[in-house]
Amino acid sequence: MGQRWDAVSTDLVSGHGRALIVRLCASVWFLVLSATSFRDVNGLLEDIAAGRAGPGAWPALLSEGCIVLFYTIICCIMLIRPEPISRAEGLGPALLAMAGSYAAWLIPLLPRGPELLALNAASAAIVLISEVLIVYTLLSLGRSFSLIPQARKLVTNGPYAIVRHPLYLVEEAAVAGVLLQYAWFAALPFLVLHVTVQIMRIQLEEKVLQKAFPEYAKYVRHTPRLIPGVW
């Protein structure tokens, strides 16, 4: 009996140990991303102070500042969030999460569109507003945030009282805003593909939440997925 209990205890410690390592690695990763974005903020501040900045410097500074805050909040959440009560298993959900979260890093590789002042101004405004909303939504989600579909606590307040997946919505708005600066024949297929990946993530996430929370069915009946009155 003692040997059996020791084996169970070892498995539990090993499981907690692996979870702690994953949590620490994720926190360090987002800390690195935050530091990288902070370096960009510092560069913009130096350009502004030296008079080298163009008219789009201040919107870019505010946008980068929101990105720094976004990554810093995620870094903290990764450290303090509880273990999930349910999650999507397998390699597929993890790959979808990585594709949806980091595919936007490929955008600078796309061909640029025409340099139009109005288009660039619209792009900057959409990205800035989206970044602010992303930070607000992330704060509302709090310790329930995850990249891979997981269930910790059902959040139904704040932006989640309006739509079920506001973070995906504002993230796609930010991606669309950035893509305004790129050639349409490359930007449009990229956006369609990215939206498709995000919809697949939404569907996986809803299955996890339905399994974990019986009250999720009632929430679904009264709250649209992404766009009120549409879907």
Side-chain angles (χ1 to χ4, degrees), residues 23-81 97-147 158-159 166-188 190-191 194-195 198:
R23 181 177 299 189
L24 289 174
C25 289
S27 297
V28 169
W29 170 243
F30 284 105
L31 183 61
V32 170
L33 293 180
S34 177
T36 301
S37 296
F38 183 78
R39 183 185 61 187
D40 295 337
V41 168
N42 191 54
L44 285 168
L45 286 172
E46 291 178 353
D47 289 343
I48 291 172
R52 298 190 298 267
W58 281 106
L61 178 63
L62 292 173
S63 177
E64 282 295 332
C66 287
I67 292 173
V68 171
L69 186 58
F70 175 68
Y71 285 140
T72 303
I73 292 171
I74 294 179
C75 174
C76 296
I77 288 174
M78 290 293 182
L79 286 174
I80 64 175
R81 68 181 185 176
M98 295 303 104
S101 300
Y102 299 116
W105 292 7
L106 300 176
I107 291 178
L109 301 178
L110 300 178
R112 298 282 296 193
E115 289 291 333
L116 301 176
L117 181 60
L119 201 60
N120 289 339
S123 174
I126 292 172
V127 171
L128 178 57
I129 293 171
S130 299
E131 293 291 351
V132 171
L133 291 175
I134 285 172
V135 171
Y136 168 63
T137 305
L138 181 60
L139 290 172
S140 299
L141 187 58
R143 296 196 299 168
S144 294
F145 171 82
S146 63
L147 293 178
L167 192 55
Y168 289 113
L169 179 61
V170 291
E171 284 178 348
E172 287 311 302
V175 169
V178 172
L179 288 173
L180 286 177
Q181 304 174 39
Y182 292 82
W184 71 268
F185 56 84
L188 186 58
F190 182 93
L191 182 61
H194 196 260
V195 169
Q198 298 293 62

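- Between L110 and L179, some side-chain heavy-atom pair lies under the 4.5 Å cut-off.
- Nearest approach of V41 to E64, heavy atoms of both residues: CG2-CB, 3.5 Å.
- A donor-acceptor pair under 3.5 Å is formed between the side chain of S130 and the backbone N or O of I126.
- For D47, the salt bridge (charged side-chain N to carboxylate O under 4.0 Å, His left out) test picks out R52, with sequence neighbours left out.
- You'll find the side chain of L62 stays beyond 4.5 Å of the side chain of V132, heavy atoms only.
- Counting heavy atoms of neighbouring residues, nucleotides and ligands inside a 6.0 Å radius, atom CZ of F38 does not exceed 12 of them.
- The side-chain heavy atoms of Q181 and L119, taken from C-beta on, include no pair separated by under 4.5 Å.
- Between the CD atom in Q198 and the CG atom in L169 there is a gap of 11.0 Å [rounded to 0.5 Å].
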For the pair W58 and L128, evaluate side chain to side chain contact (heavy atoms under 4.5 Å, CB included) and give the outcome as yes or no after the intermediate values. CA-CA 10 Å; W58 281 106; L128 178 57; over 6 Å; no

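- Within the structure, the salt bridge (Lys or Arg N to Asp or Glu O under 4.0 Å) test picks out no pair touching residues 117-142 (sequence neighbours left out).
- The shortest heavy-atom contact between T72 and S34 is OG1-OG, 2.8 Å.
- Of all non-hydrogen atoms in G177 and V127, the two that sit nearest each other are C-CG2, 3.9 Å.
- How far OG of S140 is from CG of L133: 10.5 Å, rounded to the nearest 0.5 Å.
- Smallest separation of non-hydrogen atoms from I48 and A53: CG1-CB, 3.7 Å.
- Each of I67, L69, N42 was checked for a side-chain contact (heavy atoms from CB on, under 4.5 Å) with S37, and the lone residue meeting it is I67.
- Counting all heavy atoms, side chain and backbone alike, P108 lies closest to A104 at CD-O, 4.0 Å.
- Side chains of L79 and L24 form a contact here, defined as non-hydrogen atoms less than 4.5 Å apart.
- Contact detail for G158 and Y136: the closest heavy-atom pair is CA-OH, 4.1 Å.
- By the neighbour-count criterion of 12 heavy atoms within 6.0 Å, atom CG of L117 is sparsely surrounded, having that number or fewer from other residues, nucleotides or ligands.
- A distance of 11.0 Å separates SG of C66 from CD1 of I129, quoted to the nearest 0.5 Å.
- With values rounded to the nearest 0.5 angstrom, L147 atom CG is found 4.5 Å from M78 atom CE.
- With rounding to the nearest 0.5 Å, the separation of CD in E172 from CG in L191 is 6.5 Å.
- Formation of a donor-acceptor pair under 3.5 Å by the T36 side chain with backbone atoms of V32 is found in this model.
- Taking the salt bridge (charged side-chain N to carboxylate O under 4.0 Å, His left out) definition, one finds that R112 meets it with E115, sequence neighbours left out.
- Note that CZ of F145 is 4.0 Å distant from CD1 of I74, once rounded to the nearest 0.5 Å.
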